[in-house]
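When a ligand or atom number is given, it counts from 1 through the structure's own listing order.
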Amino acid sequence: MVIGFLILVSLFTTIQAECNGGSSLCDMSYSDITQLITHDSYALSPNIAATQDYTIIDQLNDGVRGIKLTAVPSIDDPLQINLCHTFCRVLDAGPATETLNTIATWLEENPKEVVTIMWNNLNNFKATELAQVYESSDIMPMVFTHSIGDEWPTIQSMIDAGKRVVNFIDAEADSDQVPWLMDQFSRVFETPYDNTDIDAFNCNVDRIGDDLNPDDLMYVMNHFMYANIDLGTIKVQIPLRSKALITNSRESLTKHANNCTDIFQKKPSFIEVDFYTMGDALDVVAEMNGVTSVPLLSSRISVASRNVSSPVAPHAKLSPTDHVFIDNSLDSSGLQSHHRTYLSVVLMLFLSFSLIIRL
Ligand SMILES: *[C@@H]1O[C@H](CO)[C@@H](O)[C@H](O)[C@H]1NC(C)=O
Ligand SMILES: *[C@@H]1O[C@H](CO)[C@@H](O)[C@H](O)[C@H]1NC(C)=O
């Protein structure tokens with residue numbers, strides 16, 4: 001009986017696990033489905049700079065289909081591209097090649113899935129430099145190329161062609177030399193990422209290519225939140241992990257998505273969140289696609305609800321990943337003294353870094 005039930009459950013899961021959420025999506029255009037994307041997918045707890053609790057493999061297994069990566073020169077070899085949260089000394093998730101290989105392995109094991117990678121090219125690597133990273137990984141044969149003006153294909157045709165990795169970059173795209181590493185803001189614009197008030201998520205066009213009409217593009221609905229902290233004259237913005245259950249609640253996500261759908265006359269193609277296991281993000285995305293979501297493993301949920309200290313990031317203006325990180329056990333009780341000390345150290349680092357940037 002129990003075994004029968006387990007077989008049924010696994011059958012059910014298998015049936016769901018295709019075409020990025022369910023078989024009914026196979027014949028839909030890539031641009032007409034909604035996909036969950038994780039903000040700084042590689043930035044894992046318990047590091048103080050974390051924005052996610054689970055590895056990229058867990059994320060993909062759970063139904064996340066969009067991965068955001070940040071390219072930063074490695075400490076040991078500035079020519080090597082690592083995944084770091086602003087500075088490799090704060091959070092270093094290792095060489096980009098390794099993560100691309102990990103994603104490639106997952107794709108080989110899941111032949112009916114399409115994954116999107118969006119690069120934050122914080123240090124303005126050349127497209128050809130990033131291309132070398134792809135070429136030295138197993139993911140290269142799977143990259144998809146879209147030409148501006150063309151219709152986006154169906155998920156099924158991408159699967160049939162074996163071109164199941166869509167790559168966008170926010171700076172330094174080079175359509176002549178590296179056409180598959182596509183300029184994001186010519187194809188996908190974003191709503192603001194700099195949100196500090198749960199009641200003020202909006203649907204403004206924040207980052208888009210010059211002179212482009214949002215009606216012609218897909219969009220990322222950014223739905224993660226920072227909190228303001230006053231430290232004397234200095235203000236920092238931090239993402240409060242303790243608020244993720246509310247930020248990622250059905251109510252908050254649905255309200256935001258309905259507003260953007262009204263304004264742009266089109267559902268978001270991507271919904272981007274922090275700590276995706278907390279709250280209802282996967283369910284909300286499945287419902288928007290008219291499919292049933294696959295339940296998370298119960299162990300994963302209980303770990304996600306644990307009370308660990310939240311990672312935080314003072315928030316700079318350049319890009320969503322251009323932050324410096326500080327320790328965070330901040331809650332209504334305020335700053336404890338060792339946090340205050342830590343904060344001051346990191347802020348000094350931050351300020352001297354700002355100075356270096358200006359120089
Ligand atoms: C919907 O989005 C618009 C445009 O960004 C914003 O002005 C408005 O406050 C939002 N409405 C709600 C109810 O969130
Ligand atoms: C986490 O902390 C909150 C507030 O301190 C408390 O209400 C809640 O029960 C705690 N949750 C767990 C899983 O310990």
Side-chain angles (χ1 to χ4, degrees), residues 29 31-40 51 64-66 68 116 118 120 152 168 170-171 183-229 235-290 293 310 312-323:
S29 162
S31 60
D32 288 344
I33 64 171
T34 300
Q35 312 197 53
L36 189 66
I37 186 163
T38 43
H39 173 220
D40 297 322
T51 53
V64 170
R65 289 292 174 271
K68 281 231 173 172
T116 299
M118 292 188 184
N120 179 210
W152 286 84
F168 295 114
D170 65 352
D183 179 45
Q184 183 189 332
F185 300 135
S186 312
R187 295 169 175 90
V188 187
F189 71 88
E190 299 211 4
T191 66
Y193 55 84
D194 191 6
N195 303 299
T196 53
D197 177 355
I198 183 102
D199 295 316
F201 278 118
N202 65 57
C203 304
N204 296 344
V205 177
D206 189 33
R207 291 183 295 163
I208 189 168
D210 290 343
D211 303 323
L212 293 178
N213 183 347
D215 292 351
D216 303 333
L217 273 60
M218 295 181 273
Y219 66 98
V220 175
M221 182 182 103
N222 279 311
H223 196 90
F224 46 90
M225 211 172 56
Y226 297 90
N228 285 314
I229 296 189
K235 273 195 200 312
V236 283
Q237 290 190 310
I238 59 166
L240 275 183
R241 187 181 183 284
S242 59
K243 292 270 198 269
L245 278 171
I246 302 167
T247 311
N248 296 346
S249 67
R250 177 182 304 276
E251 187 193 356
S252 179
L253 283 162
T254 306
K255 182 178 159 205
H256 192 188
N258 286 346
N259 193 26
C260 294
T261 304
D262 277 353
I263 288 179
F264 301 124
Q265 291 294 299
K266 188 180 165 61
K267 288 186 307 181
S269 293
F270 303 96
I271 293 183
E272 179 168 339
V273 298
D274 282 342
F275 309 112
Y276 74 96
T277 55
M278 300 176 75
D280 308 307
L282 284 158
D283 288 346
V284 168
V285 167
E287 281 159 28
M288 287 175 70
N289 286 326
S293 67
S310 310
V312 299
H315 182 49
K317 282 290 164 202
L318 273 177
S319 85
T321 45
D322 189 19
H323 310 312

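Looking at V205, D199, T191, N204, it is N204 that brings a heavy atom closest to atom 5 (O) of ligand 1.
Numbered from 1 in the order shown, with element, the atoms of ligand 1 that lie under 4.0 Å from a heavy atom of N202 read 5 (O). Against a heavy-atom cut-off of under 4.0 Å, F201 is close to the following atoms of ligand 1: 14 (O). Those atoms of ligand 1 with a heavy atom of I263 less than 4.0 angstrom away are 1 (C), 2 (O), 3 (C), 4 (C).
Under the side-chain hydrogen bond (donor to acceptor under 3.5 Å, both in side chains) test applied with E272, the options K68, H223, H39 reduce to a single match, K68.
No donor-acceptor pair closer than 3.5 Å links the side chain of T34 to the backbone N or O of S269.
K266 and D32 are joined by a salt bridge, as a carboxylate oxygen and a charged side-chain nitrogen come within less than 4.0 angstrom of each other.
Of the protein's heavy atoms, N259 ND2, 2.9 Å lies nearest to atom 11 (N) of ligand 1.
Taking distance alone, with nitrogen or oxygen atoms compared against 3.5 Å, K255 stays at or beyond that limit from ligand 1.
The nearest protein heavy atom to atom 14 (O) of ligand 1 is closer than 4.0 Å.
Using a 3.5 Å distance cut-off with no hydrogens or angles, the side chains of D283 and S293 do pair a donor with an acceptor.
Proximity of the aromatic rings of F264 and F189 is defined here by a centroid distance below 6.0 angstrom, and this criterion is met.
Relative orientation of the F168 and F270 rings is perpendicular, given thresholds of 30° and 60° on the angle between their planes.
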